[in-house]
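Here's the structure we're looking at; comments come further down.
Every chain is numbered from 1 and lettered A, B, ... according to where its sequence line falls, protein lines coming before strand lines. Scope of the values below: all heavy atoms of this structure, side chains included, with no hydrogens, waters or symmetry mates.
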Amino acid sequence: MSTSNDTIVAIATAAGEAGLAVVRLSGPGALDVARRLVGPRALPAGDVRSHLARAATLRDGPGGEVLDHGLVLPMLAPRSYTGEDVVEFHCHGGALCARRVARACCNAGARPAGPGEFTRRAFLGGRLSLDQAEAVADLIHAEDELAGRAALRQLRGGLRRDVEAIERPLLDLLARLEGGLEFEGEDAAAVAVPREALLAVLDAALAALAALLADAGAARRVREGVQVVLLGAPNAGKSSLFNALLARERALVDAEPGTTRDVVSARLRHGGVVFVLHDTAGLRTDGGRVEALGMARARAAATTADIVLLLRDLVASEGEADFDGDGVTVVKVATKADLADAAQCSAARAAGYVVTSARDDAGLDELREALLAAAGGERLREVAEIGHAFNERQRHRLAAARDELASLRGEVALRAAPDEVAAGLLAGILAELGEVTGRVFSEHLLGEVFARFCVGK
Amino acid sequence: MIVIGGGHAGIEAALAAARLGARTALVTHDRREIGRMPCNPAVGGLGKGHLVREIDALGGEMGRAIDATGIQFRVLNRSKGPAVRAPRAQADKHAYQARMSAVVGAQPGLTVVEGDAVDLLIADTAPPTLRGVVLADGRELLGPRAVLATGTFLGGLMHVGDERTAGGREGAAASLGLSGALARLGFELRRLKTGTPPRLWRDSLDFARLEVQPGDEQIEPFSFITNELHIEQVPCHLTWTGERTHALIRDNLHRSPLYGGIIEGTGPRYCPSIEDKVVRFADKERHLVFLEPEGRDSEEIYVNGLSTSLPRDVQDAFVRTLPGLERAVLARHGYAVEYDSAPSWQVRATLESRPVAGLYLAGQILGTSGYEEAAAQGLAAGVNAVRSLGGREALDLPREDSYLGVLLDDLTTKDITEPYRMFTSRAERRLALRCDNAASRLLPTAAAIGLLSDPDLRRLRARVSAAERAAVVLRTLRCRDPQHGGSVAAADLVLQASGGLDAPALPADIPVELRQAIAAALLPAPGEPELPARLVEESLLQAAVDLRYEGYIAKQDKLLARQNHLGNLELPEDLPYQEITTLSKESREKLARLRPANLGRAARIDGVRASDLAVLSVLASKWRDSRELP
């Protein structure tokens, strides 16, 4: 029995580094969503064998980038934890991989689960006995309380001010728009919002949301480590740089062989920040695999990284590699300075490269500082001290609010939407923000109008 | 069926009941006062005009009555988008009252009983069941269903300065017996307050100094039954308060029963008295005042915006500080009235009371204000009461489909502490709940209720299918763009040519092929009655707006669905909320009182949290299956 009309996704394993991560989908669309990641052969339509795991290549949608090689395990309703169709992906450990898979599920139509949502569905799906009901209720309550307390903790300090700084002017704007719609003549004129003022408020909110999302990213980077991918042509010196960066901190390095078969990862601490370096030098070219496939995989990894170190061999004839990923900071690194002449080095510096040599450790300190700056530098440390940490669900909602706000701004600028539409879109945006902070405004909106404006006869 | 009260709720309840075949008695103090407008002589406005359109589509009386007796018609918010446009009309209040009295008097199966209802006859069942009503003179009316629509008469107390008079409105006695009966039956009662402004003699005003506010050139009627209205309209006038007005009011605040602490009831914030406005918005230099005639030939002018309960001498003085009113003579003074209401959590969405089976409440007694809100509830209560007599299920009026649904849902999920007025912002699906598409939204419900005569229902059907055919043309047809060349969607062209969504009107200039396609689509289908031009135009505009808004509406619906994905999960009526300790204390109390029918309604109760809903979703099924809680 399915009690829900949508499909939820969450990373089921604990945050942090482990060998294996499980991403779990539940809901009527679980199979469809999963099929978009693993293709129809791993989950043949109409012929899915429940409780049978298959090896699969996980992609970000059909024809999309390869995310990982793992297992897909369908558990069909009602024989699942929630009683709904459930699909689990068992993928390689490490936050990067599981997060990418979960995000791909959202791209394919799932939404991030709320607190206690899997447990609640389990009960509604009839998978828990009635005697367990009270325990479940307690659990849900506790999870929500916990989430609430965590949210409160998050909202203390700078971040709370940030959220309010976004909500307040939008609420004020909505109150004015509503006042203008509900009343006529002088009353309406008194609350009217000129288009320029409206645009200014929307722009300010957009900027603040972008900053908040950057913080959300920073918070996640504090929690899980800043994900750094080394990218470059086959002989650009990735492995050498990887080892050189880690060599001086031998005591602090936890090499993690086996976390992935294709990418070697290791942790590096610098300036109070944990970086997780992913070296694509481990790409296997044997066994008939072509180099091109490895490069594609490396690039896929790079698109969800925080920082890409884009390497260029100073003495190789080929030009610089290019990389353009949404939200990814690129640090350009020139390698093999020991083989190059001074003119080549200074030309590279002028072009914005950090010039390094793995052989004599030249430029490595500079590179570490560049990494720290690219990770968010001071702000990252500030965020770490405030201690707030957005979860994926909150980040999802904030990003949705930002997108909605951007589209509202477009409509207003083009004069495409009358006030009644703008007000409706704005209410939707406040609802998105309300899902982050747990606040609901609709009840108080009219109160806000009447308290602030002398309207009505 | 017994209806107590001849106001706007009582009229709709009694007419609906009688028209649906119930033998009906309407109990009122004075049969000549049926349909009286004790406050402003107007019908409609934002949210309210929407309600009247819905009442009309469902077969109620209000829209037809105002069309027949209106003396000035205006569509409000013409420039703010189609969803917040709504008709408003000044009524000739005496003509309106006379018409309503006549319609009620002529209705077969409906008997008007003059008297004062003082008590209820109750059968000793569990829960108690209504048997009849006792009048002050000892008569007993027996019947299994009653609608209480007492307005401001229940324990009514009027204030002017320190004068206090028992009564429901000026010149009318209060109903003092029923409050006691309700309290004895376990109803909680709450004092509410409302106010009314002074009336001025028309010939004491200096009209030369007043700004004129005329009606619309072309009248947009309320009722789909009305073909066209061509009447000579009566203008309203505008003036405003000034510093002298405000000073006089401030100096006499200590004599105000509102500020002197004599009035206990809570008044509406959206309809503040002038003393409220002066105190709360002290920096506002002037407040607009509308002078509205009470009738075509009436000598009295209603002073909209000057509601007050200050003493008579203060009213006399401050009224004369307004431009044009220097020599104004008060025909009647403003007053505040306090009355008993029964907070609406005591009724179900059918408007049947929880404490007494068979007893329905409607109108101001439930804490609402406004003629239109009252009429809407009267209609719902009357129809539901009759349907329950025949063992039929109650009307299904979801808040997603109508303002009537929003009203009924709000009444049963909100703890209303001030008189409730409809606003368009109360409707989450505002863009979909428009005056222009009331017919389409409510046709199935109207057909199911059966209040409309066969010809009227055929006309409503024809109006709906005209809009559907227009939508097909607009959706599928592309034609050449007369301005920029190339081809363009017909819907865009219609909206462009009509001035866009800001001021939709009928397209002035569209290509001939489109005009022909539209004209063909709007012709009546075989067997359909012909529609008047204004309804044909309305059908086309509805179709254009529907198309233009469908993206926005789909977006909002998606958000609503996400917020309410378990909304239809039923919550058993007898769920013992007080025993569910995992609910927060506030939620426990509110849920126990409001007893929402499903999880969606529970979610709309202020203060109920996501975790409470999660707990409920789990425990409700346990309780339903075993009548036990873990």
> Taking C-beta and beyond as the side chain, do A:Asp419 and B:Lys80 meet within less than 4.5 Å on heavy atoms?
Replying inline: no
> Do B:Leu559 and A:Glu432 have side chains that get closer than 4.5 Å, going by heavy atoms?
Replying inline: yes
> What heavy-atom pair brings B:Gly81 and A:Pro418 nearest, and what distance separates the two atoms?
Replying inline: CA-CB, 4.2 Å
>> Does any part of the side chain of B:Tyr552, heavy atoms only, come nearer than 4.5 Å to the side chain of A:Glu420, both counted from C-beta?
In response: no
>> Distance check, rounded to the nearest 0.5 Å: B:Arg85 atom CZ versus A:Leu181 atom CG?
In response: 13.5 Å
> For the atom pair CZ (A:Phe183) and CG (B:Leu76), what is the distance rounded to the nearest 0.5 Å?
Replying inline: 12.0 Å
> Just by modelled atom types, is the B:Thr424 backbone N or O under 3.5 Å from a matching donor or acceptor in the A:Glu182 side chain?
Replying inline: yes
>> Between B:Lys555 and A:Gly428 (side chain of the first, backbone of the second, donor and acceptor by atom type, cut-off under 3.5 Å), is there such a pair?
In response: no
